[in-house]
2 protein chains.
Amino acid sequence: MGERKIRNMEEFASVSGISRPTVSKYFHDPTSVRATTRARIEAAIEQYDYRPNIYAMNQNRELTKNIGVVVPYLADPFFGEIVRVIERRCIEAGFSPSLFSSHGSAEQERDILDTLRSLKPAGVLLAPLGRLSDKSAIEAFCRDVPTVLFDSNIEGMGESFVGSDNYSFVSQTVEYLSRTGEPPSFFEMKNPANPNANKRRRAYLDMMERLGLEPNVMQIDGTGWAFEEIGRQGALEILNRGALPTDTILCSNDRLAIGLLSACYETGHKVGRGPDCDLRVASHDDHPFSRYTCPSLTTAAHDYANVSGHSVETLFRLIESGGRFETREETLFSAHLIMRDSA
Amino acid sequence: MGERKIRNMEEFASVSGISRPTVSKYFHDPTSVRATTRARIEAAIEQYDYRPNIYAMNQNRELTKNIGVVVPYLADPFFGEIVRVIERRCIEAGFSPSLFSSHGSAEQERDILDTLRSLKPAGVLLAPLGRLSDKSAIEAFCRDVPTVLFDSNIEGMGESFVGSDNYSFVSQTVEYLSRTGEPPSFFEMKNPANPNANKRRRAYLDMMERLGLEPNVMQIDGTGWAFEEIGRQGALEILNRGALPTDTILCSNDRLAIGLLSACYETGHKVGRGPDCDLRVASHDDHPFSRYTCPSLTTAAHDYANVSGHSVETLFRLIESGGRFETREETLFSAHLIMRDSA
DNA sequence: AATTATTTTTTACGCGCGTAAAGTATTTTG
DNA sequence: CAAAATACTTTACGCGCGTAAAAAATAATT
């Protein structure tokens, strides 16, 4: 173990008995060199613990092996889960993921795109803020950097979009709720940040019409990403007014539902589908905590594995295609209903 | 706006009318050049939208302006919150934070340290996994890279540790609970991943002895980071056995408590401090969701702002001191009790 | 105005690696 | 076994910037 520290690729090449250009080739793609050569290089890496200087590696490369991953809000465990899958797959494929969170701020999102541009990534997976996003900044970014949007779509931007089919969420919950009890009212924010919210409202209205039922939308105040608190305040206001139009509430998303359930508990409204219950509550997303609400939340679940998996695969295809697709693809995965105790 | 794209610092220097070495100096530290020079450079940046190639910038620098931030588990919104504060402060101070999550895996943690080493960061903020961490890997890393540990301490590693005072958490909850009702039993995992858990158990035992009360520790099975599910299963087992030693439970952390509360609800045990309640539950951390459990969770809160703020400040001081402190500092912030409805 | 201190310019070199070209060695194919 | 194909070596240059040293310009001080 008394080997002196290797300072650069030149030195490493000489101690490994391989020429520098071949070593360089190896680090760019280990499978591009002959198996025997590869074995010798890897033995030397093992022995000398050498890694190339990533800065020198990347400065002359038009595009790097980096992949940017941007999410709107990291304190939402939903994104924490997604990021875990994405990171793993990127690393397995030999890329280096760089993770960024906009933390709900459009300014931060712009800054992140700026940073990403100078990272010269091979590709970017971007879950935009939504309504608040600086559309022109994102558009300009997508022109320069191969980008796949996920989770929340912005029409026409990025080479591809991968997300969940909001209609599938809502059709399943509405169908189930109206089949097993009173038809649901819809509970949402008045000015939702996320475009999925609007799609869900429209899907709700559409489904109710299709079923010949009277729709009822409750829109509550509040801005920002503290959905639980917004849901709780909005629900308290409605419950205290005794203004519930039906005994069945369908929340736009689980985080609002978590706040609503807390308000129900506080005001003594028993939630569930038993005869002694005051109301039923269902929702969408299958948030990691929806299993632990009281009662546990009946919800429509994202196909987490497919959304994250297909986002990554699409990005890999995009990178292999040189960063552009002929036409913009949109892939939507269906939700599946998870029946728990709240409805 | 018809300016041609600037290709490198040479070109940028010439169009801005400043020499390249001075421009280089500016990008390293804008305050290091004369105000008039700075103004001219910034005007040119504005006009030509030039940024230096970060890879070329960093390849010759001994240490970069990067700061590594490592957390053990990003799907825990606790860390999402902390990261937000840390990132903001780093950017304000002119650093580029790079965020990494070990996602509960020691192997990932090792890989992250490896990646970080080649990023040549000015400093690293590391919240280790805890018991599962590869101690020798962390120790070796801390020798090479200026590192401040936070959240969970590993004795002797890193130049400094910033976290919460576990004794302060437990003393407040135990004191409050035993003063207002039956003394608490302690509910925890048998093999906690996090060293804070052990400190909390010892603090519980110590406090109980000091108050002349009989301690009772319930240790439940389970490994990994799915604390809610572990808490729920453990609680179901105990509740179904009717094996509660007292009517007051103190959970080691909020995520276990969230699982326990869900088990209580499921089994019809009413939680709270009213006369009609079966048991009281309190906990530690002030997890972002503890406000929305049913009933809302009485808990001891981290001083989030101080822990994240002081971690960053300590790292900045460390960087300014050339990466080493004379002696290893440990800074612990006190918790404060948040009284809600569960106890 | 002269002296001193500070900042900028000029010149020049090097960092660690990518990569192109031409030649040599090795493996594969028929 | 020879021819063809593939992989590797040698040589050489360039990328974009850091940075050192000496000279020149500018600003601050007396």
Side-chain angles (χ1 to χ4, degrees), chain A residues 4-45 48-66 94 96 115 117-122, chain B residues 4-45 48-66 94 96 115 117-122:
Chain A
R4 75 186 185 294
K5 190 73 188 163
I6 302 293
R7 330 189 109 268
N8 57 36
M9 199 179 276
E10 197 78 57
E11 271 185 40
F12 175 76
S14 93
V15 299
S16 67
I18 307 286
S19 73
R20 190 174 68 75
T22 303
V23 170
S24 171
K25 201 149 170 283
Y26 166 85
F27 279 111
H28 188 210
D29 176 7
T31 67
S32 70
V33 302
R34 208 187 289 147
T36 55
T37 313
R38 184 174 167 182
R40 289 170 67 189
I41 294 177
E42 283 170 353
I45 292 177
Y48 294 95
D49 194 38
Y50 166 76
R51 345 248 127 144
N53 180 316
I54 54 165
Y55 298 109
M57 277 182 79
N58 286 328
Q59 80 163 15
N60 293 322
R61 241 193 244 300
E62 195 50 46
L63 83 174
T64 66
K65 284 287 222 173
N66 298 326
S96 301
T115 303
R117 222 191 279 264
S118 57
L119 282 179
K120 298 194 283 185
Chain B
R4 76 188 184 293
K5 189 73 188 163
I6 302 292
R7 329 189 109 268
N8 56 35
M9 201 179 274
E10 197 78 56
E11 271 186 40
F12 176 76
S14 94
V15 298
S16 66
I18 306 287
S19 74
R20 189 174 68 73
T22 304
V23 170
S24 171
K25 202 147 171 285
Y26 166 86
F27 279 111
H28 188 211
D29 176 8
T31 67
S32 70
V33 302
R34 199 146 53 197
T36 55
T37 313
R38 183 174 168 183
R40 290 169 67 190
I41 294 176
E42 282 170 353
I45 292 177
Y48 294 95
D49 194 38
Y50 166 76
R51 344 249 129 144
N53 180 316
I54 54 166
Y55 298 108
M57 277 182 79
N58 286 328
Q59 82 163 23
N60 294 322
R61 242 194 244 299
E62 195 50 47
L63 84 174
T64 65
K65 283 287 222 172
N66 298 328
S96 301
T115 304
R117 222 190 279 265
S118 56
L119 282 179
K120 298 194 281 185

Between D/dA7 and A/Thr37, is there an OP1 or OP2 to side-chain N/O distance shorter than 4.0 Å? no

Partners passing side-chain contact (heavy atoms from CB on, under 4.5 Å) against B/Ser96 (at least two apart in sequence or in another chain): B/Asn66

Report the residues that fulfil side chain to side chain donor-acceptor pair (under 3.5 Å) with A/Asp49, sequence neighbours left out, ordered by chain and then residue number. A/Arg51

Rounded to the nearest angstrom, tell me the gap between atom CD1 in A/Ile41 and atom C1' in D/dC8. 10 Å

C/dT7, C/dT9, D/dC8: which one has an atom nearest the side-chain heavy atoms of A/Arg34? D/dC8

What distance separates A/Gln59 CD from A/Ile54 CD1, expressed to the nearest 0.5 Å? 12.5 Å

Hey, could you give me each pair passing salt bridge (charged side-chain N to carboxylate O under 4.0 Å, His left out) that has a residue in residues 13-35 of chain B? Not counting sequence neighbours. B/Glu10-B/Arg20

Mark up nucleotides 11-19 of chain D, 5' to 3', with B wherever a protein heavy atom is under 4.0 angstrom from a base atom, S wherever such an atom reaches only the sugar-phosphate, and - elsewhere. BB-BBBBBB

Under the ring-ring contact (aromatic ring centres under 6.0 Å, His included) test, which residues partner B/Tyr55, sequence neighbours left out? none

Would you tell me if any nitrogen or oxygen in the side chain of B/Thr22 comes within less than 4.0 Å of OP1 or OP2 on C/dT8? no

Please list, chain by chain and in numerical order, all residues satisfying side-chain contact (heavy atoms from CB on, under 4.5 Å) with B/Pro30, sequence neighbours excluded. B/Tyr26, B/Arg38

